[in-house]
Protein chains: 2
Amino acid sequence: MAPLVPPATLGRLVTYLRVLTELGAAGTERVSSDELGERAGTSAFQVRKDLATCGRFGTRGSGYSVATLDRELRRVLGLTREWPVAIVGMGRLGQALADYPNFGEFDFVLRGAFDVDPEKVGMAAGSLVVRHLRELPAAVRDEGIQMAFLTVPASAAQDAADELVAAGVRGILNFAPSVIHVSDGVRVEGVDFLGGLQRLSFALGGQLTLASRQVDPMA
Amino acid sequence: MAPLVPPATLGRLVTYLRVLTELGAAGTERVSSDELGERAGTSAFQVRKDLATCGRFGTRGSGYSVATLDRELRRVLGLTREWPVAIVGMGRLGQALADYPNFGEFDFVLRGAFDVDPEKVGMAAGSLVVRHLRELPAAVRDEGIQMAFLTVPASAAQDAADELVAAGVRGILNFAPSVIHVSDGVRVEGVDFLGGLQRLSFALGGQLTLASRQVDPMA
DNA sequence: ATATGTGAATTGATTCACAGCG
DNA sequence: CGCTGTGAATCAATTCACATAT
């Protein structure tokens with residue numbers, strides 16, 4: 001079977017949930033596909049199509065209940081349970097993430113912090129103590145960790161990803177600016193700010209350069 | 001005219017450039033679409049199609065020169081000049097970014113750090129001193145800043161984005177987990193780790209929940 | 001009356017097969 | 001002969017129009 005929800009839609013469902021949370025906090029009780037599309041930066045058509053891939057949540061003539069749609073999207077996204085998460089790589093970024101205060105709001109709980117550097121092992125990181133990476137498999141087993149932040153340098157990313165996969169982690173959030181290869185059944189999401197900068201660079205000036213100039217490819 | 005390079009392709013061009021840099025560092029001189037696709041996590045077909053959108057860089061029978069393709073992709077992406085960048089929002093994340101050592105490798109230079117909090121103004125951030133956000137327009141004008149990292153809390157993101165646009169910034173890298181609306185001509189790229197976690201949550205368990213259950217939408 | 005849910009139409013992206021160049 | 005560059009074919013995503021439910 002094809003994925004139940006297309007990848008492009010999945011990204012937007014996350015956005016809709018975000019908008020719904022804002023609307024809920026503002027006390028709004030109902031929302032139309034029109035307004036939801038507006039706030040999410042897409043069209044009402046798109047909102048309805050996206051929501052249709054996972055159920056029928058609206059009321060014809062009066063739109064969607066903010067509370068119901070919020071709850072149903074959480075269910076679809078698997079955000080009804082708590083997800084224990086580990087951080088691998090306790091450099092500056094890993095430390096900043098360990099200090100991030102409100103994972104709890106989002107159903108994620110930090111359960112482990114790992115590094116291979118003896119200088120870092122034993123260090124405090126948020127409410128945790130940094131452990132050596134060799135303790136990861138036991139932590140995955142004993143603490144039910146299924147996702148990890150990969151916050152090591154690009155040069156170490158593939159090796160660390162291999163260790164994560166071997167330890168049984170099923171989802172990796174890769175902050176390193178490099179492609180990592182994993183076995184089937186393991187999911188990787190990239191968080192790539194350097195790539196974002198480079199895409200901005202293209203948008204801001206790159207395309208002015210004509211793409212027609214021919215080049216000596218042996219040069 | 002439609003964009004010269006489709007958005008999906010743009011993301012992959014960034015990846016190809018990354019692979020090329022690794023290959024170059026390893027001393028490899030030529031690469032085939034097959035190997036480039038393999039390393040970039042896509043197909044040889046896709047590589048050739050993507051590269052064809054911006055020029056003809058290869059040699060039939062012998063593949064691509066790593067050095068030439070690296071140089072040409074940089075040109076296409078606009079990475080031949082230096083891009084001055086500002087950070088708006090000097091919380092933990094803004095500070096971590098200000099300390100990031102090797103923007104220089106990627107043709108980006110940090111030129112300003114801004115916040116509205118009087119506690120933060122005057123503070124050191126990397127090699128810079130944090131200035132009040134009201135000084136942003138002058139900095140944009142005088143220092144040629146065209147891109148900014150938006151690293152404020154979600155609740156402040158839209159207001160800060162408005163200030164960035166008013167100041168003349170043309171590209172925003174939005175780290176806040178919220179949708180921001182900007183005028184035409186301003187480009188936003190999202191760097192969204194919470195969204196990444198939520199997409200992982202779906203992939204790891206969300207889709208097991210049947211999407212067929214009907215719900216009372218007035219509930 | 002109003003706004004959803006959904007088949008149909010359109011647009012865009014990916015895959016393929018092979019022509020064309022080195 | 002090998003591998004790129006590219007039109008054609010397939011597949012997916014988006015847009016639209018409207019029937020349908022409240």
Side-chain angles (χ1 to χ4, degrees), chain A residues 1-13 15-16 20 23 28-66 68-69 72-73 76 211-219, chain B residues 1-13 15-16 20 23 28-66 68-69 72-73 76 211-219:
Chain A
M1 93 189 156
L4 206 52
V5 174
T9 294
L10 176 56
R12 288 189 299 264
L13 293 181
T15 304
Y16 301 152
L20 288 166
L23 288 171
T28 309
E29 288 186 7
R30 302 195 69 80
V31 65
S32 65
S33 56
D34 239 310
E35 180 169 5
L36 189 46
E38 167 75 23
R39 292 191 185 245
T42 184
S43 69
F45 301 130
Q46 187 76 79
V47 170
R48 297 205 296 272
K49 210 25 145 203
D50 287 341
L51 294 179
T53 64
C54 45
R56 271 160 303 146
F57 307 126
T59 307
R60 293 171 198 233
S62 93
Y64 302 88
S65 151
V66 170
T68 304
L69 191 52
E72 291 301 316
L73 285 183
V76 168
S212 52
R213 182 165 71 87
Q214 180 51 317
V215 158
D216 175 7
M218 297 303 284
Chain B
M1 95 189 154
L4 204 53
V5 174
T9 294
L10 176 56
R12 286 189 300 263
L13 292 181
T15 304
Y16 301 151
L20 288 166
L23 288 171
T28 307
E29 287 185 8
R30 302 195 68 80
V31 66
S32 66
S33 58
D34 239 309
E35 180 170 3
L36 189 45
E38 166 74 22
R39 291 190 185 244
T42 185
S43 68
F45 301 131
Q46 188 75 79
V47 169
R48 296 204 297 273
K49 209 26 144 200
D50 288 341
L51 294 180
T53 64
C54 45
R56 272 160 302 147
F57 307 125
T59 307
R60 294 172 200 234
S62 91
Y64 303 88
S65 151
V66 171
T68 304
L69 191 52
E72 291 301 315
L73 285 183
V76 168
S212 53
R213 182 165 72 86
Q214 180 52 315
V215 156
D216 175 8
M218 296 305 282

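Please read these numbers as outputs of a predicted model, since none were measured by experiment.
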Distance-only donor-acceptor check, side chains B:T42 and B:R12, under 3.5 Å: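 B:R12 and B:T42 do not have a side-chain donor-acceptor pair below 3.5 Å.
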Nearest whole angstrom, please: distance from the [atom2] of [N] to the [atom1] of [X].
X     : N      : atom1 : atom2 : value
A:R12 : D:dA12 : CZ    : C1'   : 12 Å
A:F57 : D:dA21 : CZ    : P     : 19 Å
B:K49 : C:dC16 : NZ    : P     : 13 Å
A:L10 : D:dT14 : CG    : P     : 12 Å
B:F45 : D:dC3  : CZ    : C1'   : 12 Å
A:L69 : C:dA3  : CG    : P     : 16 Å
A:R30 : D:dT22 : CZ    : P     : 12 Å
B:D50 : C:dT15 : CG    : C1'   : 12 Å

Would you mind classifying the nucleic acid contact of B:S43 as base, sugar-phosphate or nothing, using non-hydrogen atoms under 4.0 angstrom?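 Result for B:S43 = sugar-phosphate.
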Closest listed nucleotide, where the reference is the side chain of A:A8 and the choices are C:dA13, C:dT4, D:dT14: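 Among C:dA13, C:dT4, D:dT14, the one nearest the side chain of A:A8 is D:dT14.
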Among D:dT15, D:dG5, C:dG22, find the nucleotide with the atom closest to the side chain of B:T59.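 Given the options D:dT15, D:dG5, C:dG22, the side chain of B:T59 is closest to C:dG22.
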Check: B:R39 and B:V31 side chains under 4.5 Å, non-hydrogen atoms: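 Answer no - side chains too far apart.
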To the nearest 0.5 Å, what is the distance between OG1 (A:T53) and CZ (A:R48)?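 One finds 14.0 Å between OG1 of A:T53 and CZ of A:R48.
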About how many Å separate CZ of A:R30 and CG of A:L69, when rounded to the nearest 0.5 Å?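 Between A:L69 CG and A:R30 CZ, I get 10.0 Å after rounding to 0.5 Å.
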So, does [X] get its side chain near the phosphate of [N], meaning an N or O under 4.0 Å from OP1 or OP2?
X     : N      : result
A:R48 : C:dT4  : yes
B:Y64 : D:dG2  : no
A:Q46 : D:dT15 : yes
A:S33 : C:dT4  : yes

For the side chain of A:R60 and the base of D:dT22, is some donor closer than 3.5 Å to an acceptor across the two?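 Per atom types, no contact qualifies.
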Starting at the 5' end of DNA chain D, which residue's closest nucleotide do you reach first, A:T42 or A:G61?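 On the 5' side of the pair lies A:T42.
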Can you establish whether the number of heavy atoms outside A:E35 located under 6.0 Å from its atom CD is more than 12?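 It does: A:E35 CD has more than 12 such atoms within range.
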